[in-house]
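See structure below.
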Protein chains: 2
Amino acid sequence: MKPTHITIKDIAKMLGVSPSTVSRALKDHPDISEETRNLVKTFAEKVKYRPNALALSLRKQKTNTLGLIVPEIVHHFFSSVISGMEDLAYGEGYTMMICQSNENFYREVINLQALLDHRVDGLLVSISKTTREFNHLHNALDSGIPMVFFDRICDELDTDRVITDDFEGARIATTHLIETGCRKILHLAAPRHLLIGKNRYEGYAQALKNHKIPLDESLVLKCDTREEVMSMRQHILTLAPQIDGIFGVNDSTAIAVMQVLQENGYRIPQDISVVGFGDGPIATIASPPLTTVEQKGYEMGREAVRLLIQRLENPSAMINNQTKIITPSLVRRKTSR
Amino acid sequence: MKPTHITIKDIAKMLGVSPSTVSRALKDHPDISEETRNLVKTFAEKVKYRPNALALSLRKQKTNTLGLIVPEIVHHFFSSVISGMEDLAYGEGYTMMICQSNENFYREVINLQALLDHRVDGLLVSISKTTREFNHLHNALDSGIPMVFFDRICDELDTDRVITDDFEGARIATTHLIETGCRKILHLAAPRHLLIGKNRYEGYAQALKNHKIPLDESLVLKCDTREEVMSMRQHILTLAPQIDGIFGVNDSTAIAVMQVLQENGYRIPQDISVVGFGDGPIATIASPPLTTVEQKGYEMGREAVRLLIQRLENPSAMINNQTKIITPSLVRRKTSR
DNA sequence: ATCGATTCCGCAATCGGTTGCGGGTTCGAT
DNA sequence: ATCGAACCCGCAACCGATTGCGGAATCGAT
């Protein structure tokens, strides 16, 4: 802050009035005569006066800053979320202070402390994978700061939340496969102890049930990374002749399995249809382009900020905590009929 | 900021001393007796006192905050850059205020103003595509605030800079093709009026020259998006029989051209080798995985912050502006021999 | 008892802006 | 001439910290 900004006192001195008068003139306080007001305003304009946000925050006890803790910025989903948050926040006159925990509990605690030190008005949090203990968040909450969890929520804490409807996304994907003629659908699943693994599996199961297709557990494989697909290729190829569709728990496994099949003479989607679950732009560059479920990170970001600001601007209203569910939507491309 | 944080005055009152004493005790000022110091320190610890960063910034005329303006957060390259910046900045005791211009000049101006209003200590900027006029940046610079450009630099402004060595990256990529046996190398290029188009083309040309391979302009195609590859597929296929290597100006065109060739019976890399220029994780999921030039966004981010902090902490030293060049490196995968 | 030197701590100003309250000036009315 | 009401504006406190300076208390020395 070497650059010496012009202050209200500078203006006051140069105009021979008091700082109070300058302050009031600039904000059209009725106590100030029109003459003085114009004088101050035009002069302030001329010298490009800009109020010091720090001083304002200190005085008003409000920083107009939102604190964000996110596991990793370098993730298409999270960067979309940030983008959505940023757009809405700036539109509403808030700025953002962004921290990444790098999936590290200790850094999450440090980050939270830094945000609180800066007196952010509210918190947006997606917890790290290594966070098993929530005292830091609990304390913040108890101290009264508004907080919204998104995507990686914390069950123990009663706050506003924004989450993806994984169940519904999986149901939509599987239903799409069924409606385009598939009957024997392989599900490449994440571990059942992870929420997304559980919810997407159940969505898959529900779609089958709705269409009276029996659920065959031998068609549900724990396999949620590209590497895992590669190491299970033999097993997948033995299954291949008896299936006509695949629902992958994420795009990279869907694309990987597609490649394995193609290398072995299967045509996509003529022989087997494939649907993924969106985690980025890779779906569009797959060959053929992958039909997938879009996660709407940008929208989730906007929604989280909307909830937070709503709470900030109605501090009195004891609104019940809301859980906003973002329903993902199917993007039909070329790997399904 | 509804939560009522505990202040130095609160502590003073409860301990029956003056705020000055508390302040000094907390920072081991010799004027304070050991007895008082311990009293204050243990009490402060007990009530979890944390200094108000706003008040400190106002008083010290230093915010320990770095302002960032980036075109788009949702871009693997830029989010890597941000990640690198964030990691180093927090490690050095700085926080970051992040704005995205969305490639919009007007928003860039607004963002800059917001950052200056918040009295950030320094600026990290990558200019938007639509920015043709630099008064806003010029004014900031004139007012004396340290600024570092990265990736999308502004030639007219004399500042520290961090850029990718596109020429060298292209030279390395092309050389790799030559050294693995290619002689007729197609270059899918960006427009020559863009810096990356020009520099990567020249790197390509230099590599050929170094190996005494004549440059054939009919093997340089202006074609830098996936869509463009698709619309030029016929032309590319007529060229295909006479070439043995392709250098794509970015990964998505490299992958696209690879797919076109594969669909027409060419084997990669047996018949034709392909090398891209890195813009994300898509290279690894291509089939076969794409050999490409890695852009090192994370490192660029760290380097930019390093330059900025260096200037902030040696305000007196009239260091000459530096241009830090990040040399990208080749990542050999399976599309080249 | 008085003085000088230490030791330890508080007053008050400052950073930049906001705001309750009180006061001076001008005016018309009586 | 006197009073009261508008009309304008400044004083000072405040937000939470820091810091130069001065001063009270204590001690030993003369």
Side-chain angles (χ1 to χ4, degrees), chain A residues 1-41 43-44 47-65 114 116-121 143, chain B residues 1-41 43-44 47-65 114 116-121 143:
Chain A
M1 224 153 69
K2 179 178 49 183
T4 170
H5 296 267
I6 184 156
T7 75
I8 250 183
K9 292 181 189 173
D10 296 331
I11 299 183
K13 205 163 296 174
M14 316 200 75
L15 255 38
V17 296
S18 79
S20 347
T21 301
V22 176
S23 172
R24 283 191 261 251
L26 290 175
K27 49 175 44 177
D28 295 319
H29 191 289
D31 267 9
I32 306 299
S33 69
E34 189 178 336
E35 189 188 5
T36 311
R37 191 181 346 129
N38 290 335
L39 178 70
V40 170
K41 280 191 167 183
F43 186 80
V47 299
K48 296 202 171 98
Y49 167 75
R50 298 244 87 210
N52 184 322
L54 263 51
L56 275 177
S57 297
L58 185 59
R59 180 68 234 248
K60 297 291 195 63
Q61 297 294 83
K62 179 157 200 306
T63 52
N64 278 278
T65 300
L116 294 177
D117 286 354
H118 280 269
R119 303 299 191 261
V120 295
D121 292 335
S143 88
Chain B
M1 225 153 67
K2 178 177 50 183
T4 170
H5 295 267
I6 184 155
T7 76
I8 244 180
K9 291 181 190 172
D10 296 331
I11 298 183
K13 204 163 295 172
M14 317 200 75
L15 254 36
V17 296
S18 79
S20 345
T21 300
V22 176
S23 171
R24 282 191 262 252
L26 290 175
K27 50 174 45 175
D28 295 320
H29 190 288
D31 267 10
I32 306 299
S33 70
E34 189 178 334
E35 189 188 5
T36 310
R37 187 176 355 124
N38 290 334
L39 178 69
V40 171
K41 279 191 168 185
F43 187 80
V47 298
K48 297 203 173 102
Y49 166 74
R50 297 245 90 211
N52 183 321
L54 290 157
L56 275 178
S57 297
L58 184 60
R59 180 68 232 252
K60 298 290 195 66
Q61 298 292 85
K62 179 156 200 309
T63 51
N64 277 279
T65 300
L116 294 177
D117 286 355
H118 281 268
R119 304 298 190 261
V120 295
D121 292 335
S143 87

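Naming convention: chains lettered A, B, ... in sequence-line order (proteins, then strands); numbering from 1 in each chain.
- Closest contact between the side chain of B:Lys9 and the listed nucleotides D:dC15, D:dT18, C:dG16 involves D:dC15.
- When the C1' atom of D:dC14 is taken as reference, atom CG of B:Leu54 falls 15 Å away, rounded to whole Å.
- Residue A:Arg50 is classed as a sugar-phosphate contact, given heavy-atom separations below 4.0 Å to backbone atoms only.
- Contact between A:Pro19 and A:Ala12 at its shortest, heavy atoms only, is N-CB, 3.6 Å.
- We find that OH of A:Tyr49 is positioned 10 Å from C1' of C:dT18, with the value rounded to whole Å.
- Between the side chain of A:Ser33 and the base of D:dC9, no donor-acceptor pair of N or O atoms lies under 3.5 Å.
- Counting to the nearest Å, the C1' atom of D:dG16 and the NE2 atom of A:His118 are 15 Å from each other.
- When all heavy atoms of A:Thr7 and A:Tyr49 are compared, the pair lying nearest together is C-CE1, 3.9 Å.
- No hydrogens or angles were tested; on distance alone, a donor-acceptor pair under 3.5 Å links the side chain of B:Asp31 to the base of C:dC9.
- The side chain of A:Gln61 contributes no N or O atom lying less than 4.0 Å from OP1 or OP2 of D:dC14.
- Straight-line distance from the CG atom of A:Asp117 to the C1' atom of D:dG16: 13 Å, rounded to whole Å.
- Nucleic acid contact class of A:Val22 (heavy atoms, under 4.0 Å, all strands): none.
- If you check distances only, the side chain of B:Arg24 does reach the base of C:dG10 with a donor-acceptor pair under 3.5 Å.
- In this structure, A:Leu58 atom CG and D:dT18 atom P are separated by 13 Å, rounded to whole Å.
- For B:Asn52 and C:dC15, the CG to C1' distance is 13 Å, given to the nearest whole Å.
- Taking atom CD1 of residue B:Ile32 and atom P of nucleotide D:dG20, one finds them 14 Å apart after rounding to whole Å.
- Across all strands shown, A:Thr7 has heavy atoms under 4.0 Å from sugar-phosphate atoms exclusively, and none from any base.
- Residue contacts for A:Lys27: at a heavy-atom cut-off of 4.0 Å it reaches the sugar-phosphate backbone alone, with no base atom in range.
- What separates NE2 of A:His5 from P of C:dG17 is a distance of 10 Å, to the nearest Å.
- Phosphate proximity of C:dC11 to B:Ser18: absent, as no side-chain N or O sits under 4.0 Å from OP1 or OP2.
- Nearest-nucleotide positions on DNA chain C for B:Ala55 and B:Val17 put B:Val17 closer to the 5' end.
- Residue B:Arg119 places no side-chain atom within donor-acceptor reach of the base of C:dG17, judged by atom type and a 3.5 Å distance cut-off alone.
- Closest contact between the side chain of B:Pro51 and the listed nucleotides D:dG16, D:dA17, D:dA13 involves D:dA17.
- Checked against C:dG10, C:dG16, C:dT18, the side chain of B:Ser20 finds its nearest nucleotide in C:dG10.
- Checking B:Ile32, B:Val17, B:Leu39 one by one against B:Val22, the side chain to side chain contact (heavy atoms under 4.5 Å, CB included) holds for a single residue, B:Val17.
- Considering all non-hydrogen atoms of both residues, A:Asp121 and A:Asn64 come closest at OD2-N, 2.6 Å.
- Minimum atom distance to the side chain of A:Arg59 is reached by C:dT18, of the listed C:dT18, D:dG10, D:dG16.
- Between A:Arg119 and B:Arg50 the shortest heavy-atom distance is NH2-O, 3.4 Å.
- The two atoms that bring A:Leu54 and B:Leu58 nearest to each other are CD2-N, 3.9 Å, heavy atoms only.
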